[in-house]
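Since this is a predicted model, take the numbers as computed values, not measurements.
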Amino acid sequence: MFKALGTREILITTLAAAGVLMITMGARQSMGLFIGPMDDSTGLGIAAISLALAIGQFSWGAVQPIAGAAADRYGPRVVLIAGVLLLALGSAVTPFMGSGFGLIVSLGLLSAIGSGAGSFSVLIGAAAQRLPPEARGAASGVINAGGSFGQFVFAPILQKLIQAFGWMGAMWSLALMTLAALPMIGRLTRSAPIPMPKQAGDTGVVNAMSGALRDRSYLLLHLGFFTCGFHIAFLVTHLPGEVELCGLPPSVASWSLAIIGLANIVGSLFAGAWVSKYRSKYVLAWMYASRALLIALYLMAPRTDLTFYLFAAGLGFTWLATVPPTAAIVGKLFGVRYLATLFGLTLFSHQIGGFLGAYLGGLAFTRFGDYTWMWYADIALALMAAIVNLPIREARIVHAEPQPA
């Protein structure tokens, strides 16, 4: 499946980027474990802590195009190192914050901005500039899987640390763990980017962004990725509440989230392979359509443990597996010179959807007492996303003919 990653240098570059994402995403996706212990210790209240984390969701998305532009201008090494140091700093100072505003600064800004600077846009852009075109699709799948693996690994480790040393000790431990990404950044950026001829009309990152935002295919891609963010944030935020409404134990929610992470590792690897064989817009259309079908089946199924586990496995397969084909389309439309910037803008659209998914889910529950209308909205948005990806301008995949012996 991944013959394109067969050479040692290509494989090491890919695994280094995946390792950095494992740490930055693992740290970011595990913050929810600290909410209860922090509330018990500080008395700040769930609402104040949740607000800080919600601001962090938005900050993570907003920094993506900025970090991407900085990486395209100054190189990814300085951006990635700064991101890791900010993430470690945010974790280290959080135990000293005794107010909601302090948590907004530490978790909502420092940690979130640091994690965003060391996330998908910069890492996939840095790897793409150091890999041959035939290896980029498979590499993006492996890098994306690294983020899912981080979610799977960090959560149980941090849970044990919280139990052993309290939430403050666990937060300081997280700061130290984050620094383990620094040697991987050095390995990723040690080799120089592959020389590329200057594209005709290449007048800088600002003009590249301006031109991209006038491109119909790019805007359609944003619309679909917005839907992806809406789904993910709604489920991450409100799946425990849905499980509770169904009268099932909280362990069903935690196991469902773990299954999502595991399934997405497999889905990301397959997505990376598929973008080398099929047009990415069709891969995305299939993924979004499958989500609409899965949600419809869930609504018709009995609310049992098995239903949630099967639902999690199905959704997890496409969870963030949309990243490789989305990044591939951006690269095909505009090249890899400004991939970090332009894909960063796409990720910002994803997080706008995420903010709405989390926020509207809460409003729906407050107004109606359940999430029924959110599930209907999920189905409608998934079908819309499947449809809008089809007109995207994307060249056919050209497969090399086998050479005669």
Side-chain angles (χ1 to χ4, degrees), residues 24-64 66-67 82-119 151 154-155 158-159 161-163 165-178 229-230 232-241 244 250 253-254 257 348 350-367 371:
T24 59
M25 286 295 289
R28 173 177 176 265
Q29 298 282 49
S30 301
M31 284 295 106
L33 297 173
F34 291 89
I35 294 178
M38 288 173 64
D39 181 42
D40 293 339
S41 173
T42 65
L44 290 174
I46 299 294
I49 299 171
S50 298
L51 175 61
L53 295 179
I55 291 173
Q57 286 281 340
F58 187 82
S59 300
W60 185 90
V63 78
Q64 295 284 335
I66 299 171
V84 167
L85 293 178
L86 274 178
L87 176 56
L89 177 62
S91 300
V93 302
T94 295
F96 300 105
M97 299 301 180
S99 66
F101 177 77
L103 291 182
I104 289 174
V105 172
S106 63
L107 296 179
L109 296 176
L110 292 177
S111 290
I113 290 173
S115 176
S119 192
Q151 177 181 342
F154 269 63
L158 288 173
Q159 186 64 62
L161 289 171
I162 291 172
Q163 293 170 353
F165 305 111
W167 76 269
M168 292 184 179
M171 192 66 76
W172 287 323
S173 299
L174 178 60
L176 292 175
M177 292 162 60
T178 299
F230 186 94
I232 289 174
F234 167 60
L235 284 167
V236 166
T237 306
H238 299 291
L239 183 61
E244 183 178 0
S254 60
L257 292 174
F348 186 38
H350 185 279
Q351 289 307 107
I352 293 174
F355 176 84
L356 291 174
Y359 180 62
L360 293 179
L363 290 182
F365 181 80
T366 301
R367 175 67 176 82
Y371 299 105

Asks: Of all the heavy-atom pairs spanning A117 and G83, show the shortest one and how long it is.
Replies: CB-CA, 3.8 Å
Asks: Report the residues that fulfil side chain to side chain contact (heavy atoms under 4.5 Å, CB included) with S111, sequence neighbours left out, ordered by chain and then residue number.
Replies: L87, S91, L107
Asks: Taking only residues two or more places apart in sequence or in another chain, which ones pass side chain to side chain donor-acceptor pair (under 3.5 Å) with T178?
Replies: none
Asks: Can you confirm whether L161 sits close enough to M171 that some side-chain heavy atom of one is under 4.5 Å from a side-chain heavy atom of the other?
Replies: no
Asks: With a 3.5 Å distance limit and no angle check, can you tell me whether S115 reaches the backbone of T24 through a side-chain donor-acceptor pair?
Replies: yes
Asks: Which residues satisfy the side chain to side chain contact (heavy atoms under 4.5 Å, CB included) test with Q351, sequence neighbours excluded?
Replies: R28, Q57, W60
Asks: If the condition is ring pair (Phe, Tyr, Trp, His ring centres under 6.0 Å), which residues does F154 pass it with, not counting sequence neighbours?
Replies: none
Asks: Nearest heavy-atom pair of A27 and L174: which atoms, and what distance?
Replies: CB-CD1, 3.8 Å
Asks: Parallel, tilted or perpendicular for W172 and F96, by the 30°/60° rule?
Replies: tilted
Asks: Looking only at non-hydrogen atoms, find the nearest pair between I113 and S59 and report the distance.
Replies: CG1-CB, 4.3 Å
Asks: Going by the rule side chain to side chain donor-acceptor pair (under 3.5 Å), which residues pair with T94 if we only count those two or more places apart in sequence or in a different chain?
Replies: S106
Asks: Considering residues at least two apart in sequence or located in another chain, which fulfil the side chain to side chain donor-acceptor pair (under 3.5 Å) criterion with S41?
Replies: W167
Asks: Taking only residues two or more places apart in sequence or in another chain, which ones pass side chain to side chain contact (heavy atoms under 4.5 Å, CB included) with I66?
Replies: none
Asks: Tell me, with the steps shown, if L103 and M38 meet side-chain contact (heavy atoms from CB on, under 4.5 Å).
Replies: CA-CA 11 Å; L103 291 182; M38 288 173 64; 3.5 Å; yes
Asks: According to side chain to side chain contact (heavy atoms under 4.5 Å, CB included), who are the partners of I162, at least two apart in sequence or on a separate chain?
Replies: L33, F34, P37, A170
Asks: Apply ring pair (Phe, Tyr, Trp, His ring centres under 6.0 Å) to F58 and list each qualifying residue two or more places apart in sequence or on a separate chain.
Replies: F348
